[in-house]
Each structure stands twice: as C-alpha cells, then as structure tokens.
There are 2 protein chains.
Amino acid sequence: MVELTRKQREIERRTGEILRVAKPILVREGFHALSMDRVAADMEYAKGTIYNHFPHKEEIVLALAVQSMELRRKLFEFSAAFADNSRSRMMAIGVACEFYTHHCQEDFVIEQWMRNHSVWEKSSHQRQNLIRQCEAQCMAIVSGIVRDGVAEGSLLVPAGMTNEEFVFGFWAITFGSQILTASSPSLPALGVHDPTRALRIHCATMLNGFEWRPIMNLSEYLSRSERLASDLMPRLHTLRDQHQQTQV
Amino acid sequence: MVELTRKQREIERRTGEILRVAKPILVREGFHALSMDRVAADMEYAKGTIYNHFPHKEEIVLALAVQSMELRRKLFEFSAAFADNSRSRMMAIGVACEFYTHHCQEDFVIEQWMRNHSVWEKSSHQRQNLIRQCEAQCMAIVSGIVRDGVAEGSLLVPAGMTNEEFVFGFWAITFGSQILTASSPSLPALGVHDPTRALRIHCATMLNGFEWRPIMNLSEYLSRSERLASDLMPRLHTLRDQHQQTQV
DNA sequence: TCAATTATTGACTTCTCGTCAAAAATGACA
DNA sequence: TGTCATTTTTGACGAGAAGTCAATAATTGA
C-alpha cells in the first residue's frame, strides 16, 4: 500500500513535470509547436509515457489552464479581502486583473488557448468542469462584493439586472482590453497610447455611472488606484510565487 | 494582352472560390480541419494549384479576415451616418456591433482566428497591413463621432485621454462581451442570462458617466436602442448581403 | 523466488504540410 | 497550321506530428 503510493506519487510528480516542460513551449512557440514527441524528447521519456498521462495535447493545455485559473482565483480571493468598503474592494479586483495581465502574462496566454473552440471541445469533461468551477468561484467573489455594496446601500444595481450581469460588464471590458492589448497589431498607431490608464478611467466612469459610493472624481480615483496598486501588488507577487511553488 | 487578362481573371475568380470553400470549413470545423488537401479535393484541383494562390493556410485565414473586416467597416460607415446627433450615432455603432455579433457570426469567428498569434505572425505583411488599415478606418469612424460630440459641446473627453482611448473602452467592452458570450462555457449558469441587454446597460452607463448629452435614463436608453435597432437592422442586412455578393 | 500485474517503450500507420520536377496548357510567331 | 518558349497544373515525395499497440521491462504480492 505504501509502495503503491510511492509509485503513484512518482506518477503525479511526472504529470507536474510534463506541465512544466509544456508551458514555455505553448506560451512562447504556440500550440502548433507543442508536440508530444517534443515533450517526450525534452523529458527523456518515450512518447507513449506522455500519452499515459494525457490523451492528447489539448488536455495538456486544459491542465495548464486549470493552474492559471486557480492562480486567478487566488488573486481575486486575496484582493477582495484587502480593502474595507465595497467600492474599494471592487477596485482591488481591478488591480488584481492588472497584475494578472502584466505579471502573469504566461497564464493569460494559456487562458486564451483554453478559450479556443477546438481546444476546449476536445478536452475531458472533468477538466472542463474544473475550469467552470474556477470561473464560477471568481464570479462569486466579485458578485459577492456587488451584493455587499447593495446591502450597504452604497450601490443600486439597475432593476432587472442580476449582480452577475453587473459584474459581466467589468469582466468584459477588462478581458476585452487585455485581448486587444495583446493582439491588436498596433494600438499606439491607432491613437491608443496608454490602454491601462484608459481602462482605469473607463472603470471609474462605470462605477460612478452606477453611483457606487463613495463617488470619486477622476484624479481622486486614479490616485487611489495607484495607492491601492502599490499596497496590493507586492502581496500579489508573493501569492503568485507561492502558487508556482505548488505546481512543482 | 486581352487573352492574358482573361487568364488573370480566371485566376482571381478561383482565388475567390478557394475562400468560399475554405470559409465554412474554418468556421464550422476549425483551423485544424482546414487543410490544403481538403480544399484542393473539394474544388477538384491539385494541391499545388492551391499553393499557387496562397503560400499556406494562415494566409487563407487572413484573406478571409480581410473580407470580414471590410464588412465590419461598411456596417460602421453606414451606421455612423444613420442618426443626426453624435450620441445617437454612437448608439448606432453599438447596434452595428450587435448586428455583427448576431448576424455575421462567421465573420466574427474568423476575426478571432485572425487575432490568434500564430496565425497572424505567419501571414504576409501585405495582408496584415490591409487588416490594420481596416481597423484604423473603423477607429477613425468612431473617433470621428467622438470628435463631433466634443465639437458640438455635448461631450467632454477627460483631460489626458485621446478620442481613440475613449473609443477603446467601448471597443473593449463590446469585443470582450462578444468573446465571453462565444467562449465562456455557460454564462447562464454563472448568472448572466441576457448578456446583450447587460451590455446595453453598461454602455448606457458609460455614455451617461461621461455625460455625453442628451443624458438618458435607462428605460429611455433601452427603448431608443430598440427603436434604432429596428430601423437600422434591415438596412444592415441588405448591406451584408450585398457585401457577400461581391465576394463571389 | 516467481507469477501476476502494471508501466514503459518505440516502431508503425495515418495524416498534413510544403516542395518541386515533370507534364500539360497556353500563346506568339512564322 | 506547326513550332517552341512560357506559364500553369499536377501529384509524388520528404519531413514531421498524432495517436496506437504489441513487445518489453519493472514492480508487487505471495
């Protein structure tokens, strides 16, 4: 029994190693470059062994995506508890998103691959569910903040709109901005020189537009964001490094 | 000379046919399923002939993307001229985006493939530039509306923010919402039952938040959007059908 | 120690990409 | 119309990746 678990542990360890080898290939050279032969060669195992762990490379991508989504959830969990009033907590989520975009670029790239239709479709329901769960947990964290805001009386979500639909708008603008920043040929050439700052301004406008108190004017909002970011970011760095330790 | 052009025309016609054959494969079965062998077989030509037209399949995707972006631009051009005051014109752009998402789904899927890093990187600068141009034209149309709004005095873009950065927010939220709707496993399960309506509400909030006059309350905005949509949509359908005729 | 179970291996089949020499079609000119 | 240079088309081919599976090796329990 003890021996069995030793072997079992050995196998689990190798699963992690496969992911560690596959991640930079996927992130830096793309899905096409990630081949089972290559992973096997890099690890000095036979290809069949890799297939014992993952039935195809799409499953490797989803396994990586599970890690990335878990990191995101951890960042959200931590950030959501970092401030006191609901609006600041929402702003802290914004900081977490900025952190994820700028300092967890690899994970962000992986999330994009995960959202690729052909990758998603081919992978196991089990891992799909893990991702869905993680997504739901992230949503629960943020919509929880909205719920608290409503309960505090500092926010009124429009009639006929769920808290989650309220969150959806912020999710969409953050996510869309990330993708455009990463994939639109040349935002600066289009006149978009500082997408991060622009995003902050738009979020501020939305928060004010929904009258989420305390209302702040723009410069107030921006300086608070800056302060929040410099307080929160070091902690997020630690969190991220811890998370990466766990993956070994 | 006349003979030469006949041959030339024959070749151009076939380029179009390749795209017509490739489009449904890419859209319905994904990039992976789009193989040169398959296109050749479907058209009853040899593979080498297809390679005479396109050096690899990535180039086919970008050629399709050029068509899709041109359709988008046409929709924007038409919509931007459809209303009189600047805020309504901005709302008309929103309607055009909704139309594109719901009634030009194939083109939207193609745009996503175009934004895929490995596809983009491999394709010719010439086609990349066509796409960039189209993107810039779309941006120019929308930022033009913003400029007009500022000139009319019905809108004040925050200091230190370009018109394009102002547009960027709307672009991001619209685009992000489209991607999430298309790729997030189950928005309804997350509590997002009507993303389209949610998006409208968020856009309304942003427009009001930036004090783009005439300010409207939510129900006013939604009923106006609805009216604008029912006026504009039939024209956009015509426009789309015309565009598809040209591609033959 | 040995048989049963489990894990690993890499050769093999199938598929696609992208190339290129040979074959076919075209066109200009006598 | 016949000839020949040019252009276009063809499909066989090499390279390389996906995924399978029978043979081999390692591990375990008795």
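Because only heavy atoms are used, hydrogens play no part in the values below, and waters and symmetry mates are left out as well, while side chains stay in. Just so it is clear, the model here is predicted, and its values are computed rather than measured. Chain naming here is simple, since letters A, B, ... match the order of the sequence lines and numbering starts at 1 in each.
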task: Output yes when at least one side-chain N/O atom of A:Arg38 is less than 4.0 Å from OP1 or OP2 of D:dA18, else no.
output: no
- prompt: Are B:Lys122 and C:dC17 close enough that a side-chain N or O sits under 4.0 Å from OP1 or OP2?
  reply: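 For C:dC17, neither OP1 nor OP2 has a side-chain N or O of B:Lys122 closer than 4.0 Å.
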task: Looking only at side-chain atoms of A:Ser35, point me to the closest of C:dA7, C:dC17, D:dA17.
output: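 Nearest listed nucleotide: D:dA17.
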task: Take atom NE2 of B:His237 as the centre, draw a 6.0 Å sphere, and report whether it contains more than 12 heavy atoms from other residues, nucleotides or ligands.
output: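 Correct, the count exceeds 12.
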query: Do other residues, nucleotides or ligands put more than 12 heavy atoms under 6.0 Å from the CD atom of B:Glu29?
result: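 Yes.
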Rounded interatomic separation in angstrom, taking [atom1] from [X] and [atom2] from [N]:
{"X": "A:His53", "N": "D:dG19", "atom1": "NE2", "atom2": "C1'", "result": "16 Å"}
{"X": "B:Tyr51", "N": "C:dC20", "atom1": "OH", "atom2": "P", "result": "13 Å"}
{"X": "A:Glu10", "N": "C:dT6", "atom1": "CD", "atom2": "P", "result": "18 Å"}
{"X": "B:Ile18", "N": "D:dT9", "atom1": "CD1", "atom2": "C1'", "result": "13 Å"}
{"X": "B:Lys57", "N": "C:dC15", "atom1": "NZ", "atom2": "P", "result": "15 Å"}
{"X": "B:Asn52", "N": "C:dA25", "atom1": "CG", "atom2": "P", "result": "16 Å"}
{"X": "B:Glu12", "N": "D:dT8", "atom1": "CD", "atom2": "C1'", "result": "16 Å"}
{"X": "A:His56", "N": "D:dA18", "atom1": "NE2", "atom2": "P", "result": "12 Å"}

message: Tell me whether the rings of B:Phe166 and B:Phe170 are parallel (<30°), tilted (30 to 60°) or perpendicular (>60°).
response: tilted
task: Give one of base, sugar-phosphate or nothing for A:Thr49, where a contact means two heavy atoms less than 4.0 Å apart.
output: base
task: Could you tell me whether A:Leu34 contacts a base, only the sugar-phosphate backbone, or nothing, with contacts defined as non-hydrogen atoms closer than 4.0 Å?
output: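 Sugar-phosphate only.
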- line: Heavy-atom nearest nucleotide on DNA chain D taken for B:Ala46 and for A:Gly48; more 5' hit belongs to B:Ala46
message: Regarding B:Glu70 and B:Lys74, does a basic nitrogen lie under 4.0 Å from an acidic carboxylate oxygen?
response: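 Answer for the salt bridge query: no.
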message: Check this for me: does the side-chain of A:Lys47 come within 3.5 Å of the base of D:dA18 through a donor and an acceptor?
response: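 Indeed, a donor on one side and an acceptor on the other fall under 3.5 Å apart.
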- prompt: Nearest 0.5 Å, what's the CE-NE2 distance between A:Met161 and B:His193?
  reply: 13.0 Å
